[in-house]
**Q** 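First, the structure itself, so that you have it in front of you.
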Number of protein chains: 2
Amino acid sequence: MARTAGSDAATTGPRIRAAAQRLFARHGYAAVSMRQIAAEVGVQAGALYNYTPDKQSLLFEMMRAHLEELLASWEAEDEGADPRAALRAFCHFHIRFHLARPEAVFIAYMELRNLEPGNFEVIEGLRKRYETALEDILRAGKAEGVFTLVDTKLAALAVIAMLTGVTTWYREEGRLSRERVAEIYWDMVRRAVGA
Amino acid sequence: MARTAGSDAATTGPRIRAAAQRLFARHGYAAVSMRQIAAEVGVQAGALYNYTPDKQSLLFEMMRAHLEELLASWEAEDEGADPRAALRAFCHFHIRFHLARPEAVFIAYMELRNLEPGNFEVIEGLRKRYETALEDILRAGKAEGVFTLVDTKLAALAVIAMLTGVTTWYREEGRLSRERVAEIYWDMVRRAVGA
DNA sequence: GTCTATACTAAGATAGAC
DNA sequence: GTCTATCTTAGTATAGAC
């Protein structure tokens with residue numbers, strides 16, 4: 001018998017990507033073997049190569065999909081309203097989006113150095129576009145006089161670092177809901193930028 | 001000839017630790033081999049085992065040394081002054097200390113998952129002690145009414161995430177000095193906590 | 001599309017000579 | 001204290017059968 005009972009080509013691809021994401025997030029890209037991924041899916045290692053040319057592509061495509069979804073989601077949500085409302089929306093969006101996919105977020109931040117140079121450039125470009133979206137809000141608010149900012153660029157970096165930090169400690173069973181955490185962080189961001 | 005010209009037991013140990021730190025920071029613990037470390041030092045792989053029982057100990061001791069130095073340095077610097085002065089000192093200290101040792105910082109944040117369980121507990125305990133140091137300052141300031149904080153714990157986590165973020169983008173050749181960056185961040189932190 | 005089998009490379013760690 | 005040589009295990013990726 002050449003096929004395992006229940007195997008199904010239509011679902012194997014997604015299952016491989018899901019298993020790779022789970023394992024990369026938990027143990028790190030370099031520490032995970034193709035054999036481990038295959039075992040999680042329930043196939044032999046060789047079968048993975050029907051779905052990906054190599055291990056590197058598995059990482060790269062996963063990171064690209066994540067960042068493209070991040071950008072598209074924010075662009076869909078951004079109403080270009082006044083800077084204060086836009087910044088509040090950004091804070092809530094960023095925390096909500098990141099807490100909803102902890103594995104993809106973790107990988108996007110931790111595995112940059114395991115990307116081959118060409119792939120790194122692509123991912124870095126996407127990340128910068130997101131940074132710029134926040135910077136644009138801050139710059140507009142500064143220009144309108146509703147934010148008090150010493151340095152717009154640094155403020156954007158500081159806000160993103162602060163908000164992303166939530167993913168390192170937030171637990172579903174904890175004392176605060178996601179919504180409550182977002183409100184508390186928005187309050188700190190609001191004051192940090194003088195709004 | 002069993003010895004390479006210039007080999008010297010008194011310096012090999014430190015050189016191994018330095019090479020391991022440089023390589024772990026650049027490529028990640030899992031991606032670095034004992035042979036690579038040995039090559040950097042200029043010895044054969046087997047010789048490393050005169051200085052470390054295994055690869056894991058190399059990582060663990062490096063992280064422990066880093067965090068113990070972080071704690072000791074802050075404890076030496078903390079004057080227990082009024083909360084506002086203490087928070088300002090903390091911001092400057094944190095940025096100065098972290099920017100001075102980017103490799104150790106990077107490893108301390110990225111390689112937690114590559115620690116064996118027992119080692120992880122030790123490192124996590126040290127990290128928590130540092131977090132608590134900041135929390136104590138914030139709590140004191142809140143009690144005295146000089147800080148306005150919705151949630152002391154979250155504020156501590158937010159401040160550390162924000163300050164540590166500097167290490168991901170700061171470049172020596174950039175437009176701002178370390179001192180200037182620390183001042184700008186302190187200004188944002190100060191406002192975020194309502195001081 | 002998946003299997004088994006395997007080519008090839010490299011990993012961590014140890015033994016014994018010098 | 002370091003070397004060379006080696007044990008054992010495991011990695012990525014491919015070939016050919018079914």
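Chain A is the first sequence line, chain B the second, and so forth, proteins listed ahead of strands; every chain is numbered from 1. The figures here come from the full heavy-atom set of this structure, side chains too, leaving out hydrogens, waters and symmetry mates.
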**Q** With distance as the sole criterion, is a donor-acceptor pair present between the side chains of B:Thr164 and B:His94 under 3.5 Å?
**A**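 Yes, side-chain donor-acceptor contact under 3.5 Å.
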
**Q** Mind calculating the distance between CG (B:Asn114) and C1' (C:dG12) to the nearest angstrom?
**A**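 Those two atoms, CG and C1', are 15 Å apart.
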
**Q** Check the distance between C:dG12's P and B:Leu59's CG and give it to me in whole angstrom.
**A** 13 Å

**Q** D:dC3, C:dC3, D:dG1: which one has an atom nearest the side-chain heavy atoms of B:Ala47?
**A** D:dC3

**Q** Summarise protein proximity over nucleotides 5-12 of chain D in one line of letters, 5' to 3': B for base, S for sugar-phosphate only, - for none, counting protein heavy atoms closer than 4.0 Å.
**A** -B----BB

**Q** Nearest-Å distance, CG (B:Leu48) to C1' (C:dT14)?
**A**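 Rounding to the nearest Å, CG of B:Leu48 and C1' of C:dT14 are 13 Å apart.
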
**Q** Okay, side chain of B:Lys55, backbone of B:Val32: is any donor-acceptor separation there less than 3.5 Å?
**A** yes

**Q** Please state how far atom CD1 in A:Ile37 lies from atom P in D:dA13, giving the value in whole angstrom units.
**A**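 Spelled out: CD1 on A:Ile37 to P on D:dA13 is 10 Å.
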
**Q** Do the side-chain N or O atoms of B:Gln44 get closer than 4.0 angstrom to the phosphate oxygens (OP1, OP2) of D:dT4?
**A**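 Answer yes for this pair, as a side-chain N or O of B:Gln44 is under 4.0 Å from OP1 or OP2.
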
**Q** Whole-Å distance between D:dG16 P and A:Asn50 CG?
**A**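 Roughly 15 Å, once rounded to whole Å.
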
**Q** Any idea which heavy atoms bring A:His92 and A:Ala182 closest together, and the distance?
**A**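 What the structure gives for the nearest pair is ND1-CB, 3.5 Å.
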
**Q** I'd like to know if the side chain of A:His27 pairs up with that of A:Gln36 as donor and acceptor (distance under 3.5 Å, no hydrogens or angles considered).
**A** no

**Q** Should the ring pair A:Trp74 and A:Phe90 be called parallel, tilted or perpendicular, given that the plane angle runs from 0 to 90° and is split at 30 and 60?
**A**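 Rings of A:Trp74 and A:Phe90: perpendicular, over 60°.
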
**Q** Could B:Arg101 and B:Phe97 be counted as a cation-pi pair, given that NZ or CZ must be under 6.0 Å from the ring centre and within 45° of the axis?
**A**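 Cation-pi check for B:Arg101 and B:Phe97: passes.
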
**Q** Output yes when at least one side-chain N/O atom of A:Thr12 is less than 4.0 Å from OP1 or OP2 of C:dG1, else no.
**A**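 For C:dG1, neither OP1 nor OP2 has a side-chain N or O of A:Thr12 closer than 4.0 Å.
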
